[in-house]
Trainee: 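One structure coming up, written as structure tokens, with questions to follow.
Residue numbering restarts at 1 for every chain, and letters A, B, ... go by the order of the sequence lines. Only a predicted model underlies this, so the values are computations on that prediction, with no experimental measurement involved. What you see below is based on every heavy atom in this structure, not just the backbone, and it leaves out hydrogens, waters and symmetry mates.
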Amino acid sequence: MHGIHHSQAELRALAKIPTSCQLSLLRYSLDGSLLLAAGRDGRIHRWRLPSAGLPVPAADVKSADASVSEVLPPLAGHNGWVSSLEISPDGLWLISADTWGRLACWSLTPTVERPQWEHAEAHAGWLRALAMTPDGSCLASCGADGMVRLWNPADGSLLRQFSGGGQDLYSVACHPDGQRLAVGDLRGGIHVFDLRAGKHLTTWDAAEFYKLSYIQEVGGVRWLAWNGDGSVLAAAGCIPENGGFVQGVPSLRLINAADGAVLQQLKLGDNQEGFVHQVLWHPEDYWMGVCSGQPGRGRFFLHRTAGEAPFCLNPQPLANCHSAALHPLGRQVAVLANEGTYGQQKSMAKEGIYPANTSPIHVFELPAPGPVS
Amino acid sequence: MFGLQHHSAPCFARPLRLLRVVLLLLLVWFRPIEIVTADDLAQRIDSLLQQSLAVAQVAPGPVSSDAEFCRRVTLDLAGRIPTVAELSKFLSDPDPQRRVVLVDRLLDSPEHSRRMADLFHVMLMERRGDHPEWTLFLRTSFAQQKPWDQLVREILDPQEAPEQIRGAAWFITRRLEKVGQQETDYPGLTRDIGRLFLGCDLQCAQCHDHLTISDYRQIEFQGLYTVYRNTSIRTDVKFPAVAEKPLTKKTDFMSVFDKQPLLVGPRVPFGVEQEIPQFESGQEFAVAPDRAKNFPGVPKFRGLQLIAQSLPAATNRRFAENLANRLWFVMFGSGLVNPLDQLHDDNPATHPELLSAVADAVTAAGFRLRPVLREMALSDAYQRSSCGAAAEAVLYQYGREKRLSAEQLLASVLTACGAGAPTAIADAASEAEQKRADAFVKAFGNIPGEPELEFSPSLKAALFVLNDPLMQEQIQPRGGNLAERLAISSDDTAVADELYRAVLSRVPEAEEVRFVCEYLAQRREIRQQAISNLIWGLLASTEFCLNH
Amino acid sequence: MLQPHCQSDQHQFSRRRWLGTAATGTAAAALPLFDPAVHATLLQRSAKQVLFIWLDGGISQLESWDPKPNTEFGGPFRAIPTSVPGIHLSELLPQTAQQMQHLAIVRSLCTQDNAHSSGVDRIQRGDPQDRGVVYPYFGSAVTKLLGPNASGLPPYVWIKPLSGGFMHKDAGFLGPQYGSLAFGDGKPPQNLLQHADVSDRFLQERMDIRAFADRQYARGRPAASTAANGFVYSMGLELMQRRQLFDESTFSSADVQRYGTHDLGRHMLLARRMLEAGVQFVKVNSYGWDTHGDNFNGSLSLVRRFDQPFAALISDLAESGLLDQVLVIAMSEFGRTPRVNGHLGRDHWPEAWSLCMAGAGVRRGIAVGSTSDQGTWVTSEPYDIGHMFHTWFTALGINSREVAWDNHGQPLPIAHEHCHPVAELLV
């Protein structure tokens with residue numbers, strides 16, 4: 001377990017919610033009553049949960065079962081995979097995107113089945129990431145077509161669009177000040193734009209997140225996240241060793257927003273571990289992130305900027321974590337991991353029995369605030 | 001299209017062989033009249049071949065010219081072409097015994113030992129690389145004129161001491177090295193032991209239609225395999241060394257004929273199976289293993305020792321026949337049994353009595369190679385010219401073209417293009433010399449595991465000769481070398497003469513002199529380059545790269 | 001008939017001894033080109049050529065030839081229409097889609113081996129029955145069966161990343177002479193480039209002197225040795241004189257742009273030039289297709305970089321008319337699983353996969369075979385690689401059921417005897 005040390009902080013497993021297919025992204029609604037997931041079946045999956053969070057069982061009781069959650073019917077209308085979800089700061093709207101380029105906005109009333117507005121071709125192809133300004137006035141999208149587009153969330157009108165630097169754009173994050181936008185591309189470029197003017201301000205180069213292996217361009221800045229005051233930008237990806245299989249060391253880079261200096265380049269495993277897929281900021285002054293690798297290792301970690309190593313780790317082995325979502329009260333986190341029949345056995349495919357993998361959701365209680373080693 | 005015809009033979013060939021051995025031993029004991037020793041092998045060769053040519057109703061071809069003979073025997077026995085001086089001396093020697101004298105001179109030279117070491121390195125390792133300890137083992141063995149049976153014994157049961165012979169272990173250890181993720185190739189090692197020392201490619205009998213023979217062959221393989229699958233490479237020492245686990249059980253295998261499971265213990269092919277002694281647990285080792293040092297120990301009962309005692313023995317007729325066949329191949333360009341590793345009842349020799357005669361001689365000579373090679377070189381058959389042969393010529397009616405090894409080619413290029421003296425043989429090659437030797441092997445050698453038997457010109461070799469700097473530098477004038485000597489001389493006829501003597505080891509024909517003179521006459525201003533072109537053209541010719 | 005307790009490699013080795021060494025000799029070599037009578041015979045020989053593109057590791061058929069958008073395992077990408085109505089390809093093959101009228105896709109491959117180490121060999125050797133011999137790769141087999149053409153160039157050239165040289169392994173029991181001449185990263189092998197000290201004029205003079213010496217030597221001897229030797233020198237000279245073929249500075253910048261500046265683009269362009277020059281069998285390798293993880297981003301990168309040069313090449317061959325005599329094949333050793341694994345990859349799937357072919361003897365603008373809605377199984381007649389070998393040999397004018405290897409008097413099938421040519425694919 002190279003690069004990660006256990007410590008005294010503890011994560012407590014609360015529930016494991018089964019799912020019907022693989023999912024790629026998790027989001028809580030603003031009031032914590034809804035857990036949303038982007039499905040690889042082209043649908044947005046939903047669970048109703050107690051707003052205050054899942055009940056924490058007594059110390060000697062095993063994790064609660066999933067019966068505290070109510071499965072709501074998924075929202076249909078997307079194609080391919082639902083790739084991104086964003087929630088407006090007032091908590092009323094859900095924006096979703098898919099790999100065919102569709103962008104849709106839904107009211108967060110549970111009974112709504114149709115989007116308020118949508119664009120079938122908001123991007124040419126894979127629309128990878130969404131970010132909303134803190135005041136809810138502007139939604140940014142980026143995609144494999146290399147474009148950044150800014151939309152009015154109220155009616156979906158296009159405010160502005162510009163090239164993100166010519167590469168496949170994997171990630172986007174809006175600065176807490178609402179003025180700046182960071183966009184991460186395939187080759188490790190992190191481009192910062194003035195949102196309002198659409199002007200390119202600077203580019204920070206995280207080239208170790210990229211490698212050309214034979215003819216495959218491997219890597220990409222898979223996720224960007226600012227800390228609470230916008231002084232640090234976290235970039236997540238992997239340091240690739242080779243393509244194909246993709247062997248690479250999952251890595252997190254923490255950048256000083258003022259001057260682009262690298263505060264820390266964290267390696268979260270050996271070269272079997274793959275990517276850091278997502279990283280989030282917790283108001284109690286630390287980062288949370290998820291990584292996956294081959295053939296079945298996965299991590300959910302907590303880390304302070306400038307800490308030597310993550311100070312906390314998932315208590316039981318998880319397989320390939322792809323997303324995490326923080327409950328609005330800040331005490332619980334939901335983590336997506338993979339589960340299911342793995343690999344290439346035929347599994348009676350000819351008889352029509354060919355089960356797919358799923359992405360069960362693990363809900364943890366975060367360690368209490370206070371001094372941690 | 002592929003391979004050679006096999007003829008089915010009567011099944012009593014094997015008992016016949018046994019009888020021969022017994023007879024031979026008896027005859028040796030009683031010092032009788034008609035035994036083929038090494039001394040009269042030449043006569044025997046010629047009389048037997050004479051008989052076979054007469055049966056085919058053809059007359060033998062002409063004797064080789066002195067130039068032909070000088071080149072051929074120098075290549076065969078010293079591993080290179082003769083120098084201009086050696087050739088000229090030989091051509092002008094009035095002594096009627098000059099050929100015998102030449103053969104003896106070559107056999108006594110240090111170049112002969114070196115040639116034998118190179119030859120057997122290629123034969124036994126088949127281009128699987130080099131190792132300094134193995135090289136040392138071969139060179140000192142041949143310098144000491146070590147008999148073949150002793151050499152083989154040292155390979156089959158390698159010892160740590162004396163230091164000079166420990167490299168013999170590389171024959172086994174190289175074959176035990178794993179290739180990538182594949183299993184250790186014990187079957188390959190077993191097969192090579194059979195092929196190279198008994199002339200028998202011991203395979204499970206997929207290759208044979210005859211079911212009885214198929215069973216027979218399986219056990220030959222499995223009995224030998226029992227020994228070798230217990231071996232491994234010692235990791236506690238830096239030099240090549242073989243470790244043996246205690247041999248405690250027989251190998252089980254199944255006959256394809258009746259699908260009955262069979263067991264066999266350690267056994268020399270075509271020999272007798274040995275009982276495996278049982279030891280009490282903890283008593284199996286003569287020298288106990290030492291885990292801390294990674295020392296594997298020495299078992300009391302050792303399969304390698306068993307094989308080494310029984311296989312290379314005078315009583316093992318196949319052992320003698322294998323050597324006889326291989327020496328014959330070296331000198332005459334064709335095995336008496338073909339392929340060289342298919343000595344078996346289904347595949348008789350082209351001249352069975354001749355094979356016996358040579359095998360007798362080899363045994364009588366105590367497996368010393370020199371007396372046998374000498375006799376072969378002195379036979380009329382060896383001295384026959386290869387010129388005049390038609391494609392349908394009868395075997396041994398004419399001399400035969402033979403492939404030259406990379407080692408022979410390099411030595412010949414250096415001799416041809418050099419300053420006139422034969423290149424000195426250093427014990428340790430300089431780095432540049434090693435690089436050069438490796439380049440020649442890469443260009444002219446076969447791929448690892450492919451025996452080098454026939455002349456197979458390759459694009460790789462042609463490109464090497466065409467463009468490699470190593471070849472170019474040989475034909476640039478420098479330090480009294482051939483290119484310089486020829487460029488200095490203004491007598492075109494003399495140039496033609498020396499050119500042909502140096503490169504092709506003969507006097508040029510009138511037509512060839514004319515060709516050279518005309519060529520040079522038209523290139524006075526670029527004479528030096530023209531000379532280089534001429535040298536190159538002859539070096540690249542088929543005549544140079546074959547032994548004919 | 002396999003023997004229990006026997007490793008099959010024992011048989012292979014013995015056979016090769018028996019058959020291989022003799023075959024490497026002069027018997028298998030052709031006659032020199034400077035003999036007019038022989039030249040005429042050569043002209044009558046087949047002008048067929050092959051381009052064999054090997055995507056090593058397993059290209060995902062679901063992200064290329066057999067897309068299943070919006071299905072359980074269909075993945076994130078769309079399908080796009082092609083120039084042939086009714087046939088759709090993955091959106092990752094936009095340029096190839098425009099060349100569909102020249103192509104034949106097979107979607108119903110179902111083969112035996114899901115491992116790389118054994119699978120690659122088995123596929124490229126046609127997965128024959130075990131006869132105790134090492135069968136040749138397709139390229140060695142074709143060049144042996146067709147015999148040399150009139151180009152004077154090495155018959156079997158392999159363009160690949162990394163190292164080059166003379167590659168014997170492909171040839172199996174045919175002997176090292178039928179191996180490939182590999183151009184590592186498109187660069188010629190060692191010693192191919194003319195030595196700086198030797199001018200063209202001197203090179204020719206040297207060859208003339210060599211030829212003179214050989215004529216002298218051959219008087220009163222069988223011609224086999226000088227013929228074989230002369231042949232390799234002629235080929236060497238031919239290669240040297242055609243060195244612009246692989247001199248990248250002579251590639252037109254328009255071509256370089258169209259094919260792409262990445263490795264596979266450059267190598268495919270070199271392949272086209274080799275074909276134009278008459279090389280009989282050109283194999284192009286691309287590595288890195290084994291996308292067990294991040295298959296979708298991987299395919300985005302990989303498939304697009306195949307699409308660009310492949311489409312350019314098909315278009316160029318069609319335009320010049322060469323496509324009528326060149327058989328083009330693009331394939332891997334297997335396909336990829338419909339099921340997506342935990343690190344967003346697809347694993348090996350020989351049960352239902354695809355390849356693409358075009359050119360000589362092949363019908364154009366068709367998709368043969370079909371898979372289930374989810375892509376998990378072949379629903380039409382499944383084809384093994386043996387069927388493909390039969391089909392390809394037939395397309396090249398070789399009767400795959402009658403022509404056989406002569407193994408010491410015993411005929412060995414050139415393609416698996418339980419398979420047959422696929423009539424749907426052949427004109």
Trainee: Would Arg336(C) count as a cation-pi partner of Trp349(C), with NZ or CZ less than 6.0 Å from the six-membered ring centre and within 45° of the ring normal?
Mentor: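 The answer is no; the distance or angle limit is not met.
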Trainee: Strictly under 6.0 Å, is that where the ring centroids of Tyr214(A) and Trp289(C) end up?
Mentor: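 They do not qualify: ring centres at least 6.0 Å apart.
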Trainee: Aromatic contact between Phe296(C) and Trp81(A), with the criterion being ring centroids under 6.0 Å apart: yes or no?
Mentor: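 Centroid distance Phe296(C)-Trp81(A): below 6.0 Å, so yes.
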Trainee: Do Arg266(C) and Tyr259(C) meet the cation-pi criteria used here (NZ or CZ under 6.0 Å from the six-membered ring centre, within 45° of the axis)?
Mentor: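 Not flagged: Arg266(C) not positioned over aromatic ring of Tyr259(C).
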Trainee: Which atoms of Phe73(C) are under 4.5 Å from chain A, going by heavy atoms: the side chain, the backbone, both sets, or neither?
Mentor: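 Just its side chain gets close to chain A.
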Trainee: For Gln216(A), is it the side chain, the backbone, both, or neither that has a heavy atom closer than 4.5 Å to a heavy atom of chain C?
Mentor: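 Looking at Gln216(A), backbone and side chain both touch chain C.
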Trainee: May I ask you to name which of Ser301(C), Gly260(C), Pro76(C) has the most heavy-atom pairs under 4.5 Å with chain A?
Mentor: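 Option with the top pair count is Pro76(C).
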Trainee: So which part of Trp126(A) gets closer than 4.5 Å to some heavy atom of chain C, the side chain, the backbone, both or neither?
Mentor: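 Side chain only.
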Trainee: Under 4.5 Å, counting heavy-atom pairs only, tell me which of Thr99(A), Thr358(A), Ile215(A) racks up the most with chain C.
Mentor: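 Highest number of pairs under 4.5 Å: Ile215(A).
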Trainee: Against chain C, label Asn79(A) side chain, backbone, both or neither, depending on which of its atoms sit under 4.5 Å from a heavy atom there.
Mentor: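 Both parts, backbone and side chain.
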Trainee: Hey, does Ile385(C) have a side-chain heavy atom less than 4.5 Å from the side chain of Met331(C)?
Mentor: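 In short, these two side chains touch, coming nearer than 4.5 Å.
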Trainee: Quick check: do Glu86(A) and Arg27(A) have side-chain heavy atoms less than 4.5 Å from each other?
Mentor: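 A side-chain contact exists here, since the closest heavy-atom pair is under 4.5 Å.
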Trainee: Please examine the side chains of Leu252(A) and Leu268(A), heavy atoms only from C-beta on, and report whether any two atoms are closer than 4.5 Å.
Mentor: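 With C-beta onward as the side chain, the pair touches.
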Trainee: Please flag which part of Leu212(A) lies under 4.5 Å from any non-hydrogen atom of chain C: side chain, backbone, both or neither.
Mentor: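 Answer is side chain: those atoms of Leu212(A) sit under 4.5 Å from chain C.
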Trainee: Flag the pair His322(A) / Phe275(A) as yes when their ring centroid distance falls below 6.0 Å, and as no otherwise.
Mentor: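 So the answer is no for these two rings.
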Trainee: Using non-hydrogen atoms only, which part of Pro338(C) is less than 4.5 Å away from chain A: side chain, backbone, both, or neither?
Mentor: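 Its backbone and side chain both get close to chain A.
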Trainee: Let's test your reading of the structure: which of Asn70(C), Thr291(C), Asp290(C) forms the most heavy-atom pairs below 4.5 Å with chain A?
Mentor: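 Among the listed options, the one with the most contacts to chain A is Asn70(C).
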Trainee: Please classify the contact between Arg43(A) and chain C as side chain, backbone, both or neither, with a heavy-atom cut-off of under 4.5 Å.
Mentor: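 Neither part, no heavy atoms under 4.5 Å.
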Trainee: Given heavy-atom pairs under 4.5 angstrom as the criterion, report whether the side chain, backbone, both or neither of Asn242(A) touches chain C.
Mentor: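 For Asn242(A), neither part sits under 4.5 Å from chain C.
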Trainee: Which one of Asn297(C), Leu264(C), Leu302(C), Asp263(C) has the most heavy-atom pairs closer than 4.5 Å to chain A?
Mentor: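 Going by pairs under 4.5 Å, I would pick Asn297(C).
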